[in-house]
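First listed ligand is number 1; within each ligand, the first listed atom is number 1. Values below: every heavy atom of this structure, side chains too, minus hydrogens, waters and symmetry copies.
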Amino acid sequence: METTLVLLKPSTISRGLSGAVLDRFCKKGLIIAGVKMIQLTPEILSEHYAHLKDKPFFPILCESMMRTPIIALALRGVDAVEVVRAMTGVTNCRKAQPGTIRGDFGMSGQENIIHTSDSVESAAIEINRFFKPDEIFDYTPVTLPAIYGQDEI
Ligand code: UDP
Ligand code: MG
């Protein structure tokens, strides 16, 4: 199984959408392997959004990501990275397909509800960025045989 990182952004927390977003992942069958509230800093954002450092919107993105604490989730499942990314939708909520989290909950390109890891490699790096090893739990929910066929896990 894979584990992927989700961040519930400050706008999601402020809008009272944290439960609705988490509910979607739980109902899908993803397992919560870790959950944590964190106040982001310029240092961690410079690492996390290093690919955007030279973009003109970088300062306002960082300001928005520090407006309130965020909720970090580590979600586990078969092909979890691809599944969670597909549930997220494209970056701009106005372009995201209805049925995706961004497509259903947002109207903005910046305030786009959640961050989700975009590859297996970045998921491993990002989980390590936001969680200590003992904050990630390896357990088997009793519901597992109802979520997957025997030969899938
Ligand atoms: N972002 C933005 N304007 C843009 C592109 C990105 O404000 O034109 C913000 C947006 O919040 C996005 C984040 O920067 O989620 C990270 O951008 P990335 O390209 O990694 O998009 P994502 O992987 O989140 O879809
Ligand atoms: Mg990204």
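- When the heavy-atom distances from atom 24 (O) of ligand 1 to H115, H48, R102, Q110 are ranked, the shortest goes to R102.
- Among residues at least two apart or in separate chains, side-chain hydrogen bond (donor to acceptor under 3.5 Å, both in side chains) pairs with a member in residues 55-72 are E63-R67, S64-E111.
- Counting only heavy atoms of the protein, atom 19 (O) of ligand 1 lies nearest to H51 NE2, 4.2 Å.
- Considering both main-chain and side-chain atoms, R85 comes within under 3.5 Å of ligand 1 through a nitrogen or oxygen pair.
- Assignment of D118 to the shell around ligand 1 is not supported, since no heavy atom sits closer than 4.0 Å.
- Residues V35 and F131 share a closest heavy-atom pair of N-CE2, 3.7 Å.
- Taking every non-hydrogen atom of G109 and a distance limit under 4.0 Å, the qualifying atoms of ligand 1 come out as 10 (C), 11 (O).
- Listed here is the closest heavy atom pair of L40 and I70: CG-CG1, 3.7 Å.
- The protein non-hydrogen atom at the shortest distance from atom 9 (C) of ligand 1 is L61 CD1, 3.7 Å.
- In this structure, the side chains of I114 and F25 come closer than 4.5 Å at one or more pairs of heavy atoms.
- Nearest protein heavy-atom neighbour of atom 17 (O) of ligand 1: L52 CD1, 3.4 Å.
- The closest approach between any non-hydrogen atom of K9 and ligand 1 is below 4.0 Å.
- Among all non-hydrogen protein atoms, the one lying nearest atom 1 (N) of ligand 1 is F57 CE1, 3.5 Å.
- At a cut-off of 3.5 Å, with distance as the only test, a side-chain donor of S119 or S122 sits close to an acceptor on the other residue.
- When only modelled atom types and interatomic distance are considered, S18 and T12 share no side-chain donor-acceptor pair under 3.5 Å.
- Of all protein heavy atoms, the one lying nearest to atom 25 (O) of ligand 1 is T91 OG1, 2.6 Å.
- Put simply, the side chain of R85 reaches to within 4.5 Å of the side chain of D118, judged on heavy atoms.
- Under a 4.0 Å N-O distance rule, the pair E2/R76 does not qualify as a salt bridge.
- No N or O atom of T116 sits closer than 3.5 Å to an N or O atom of ligand 1.
- Taking distance alone, with nitrogen or oxygen atoms compared against 3.5 Å, N112 approaches ligand 1 more closely than that limit.
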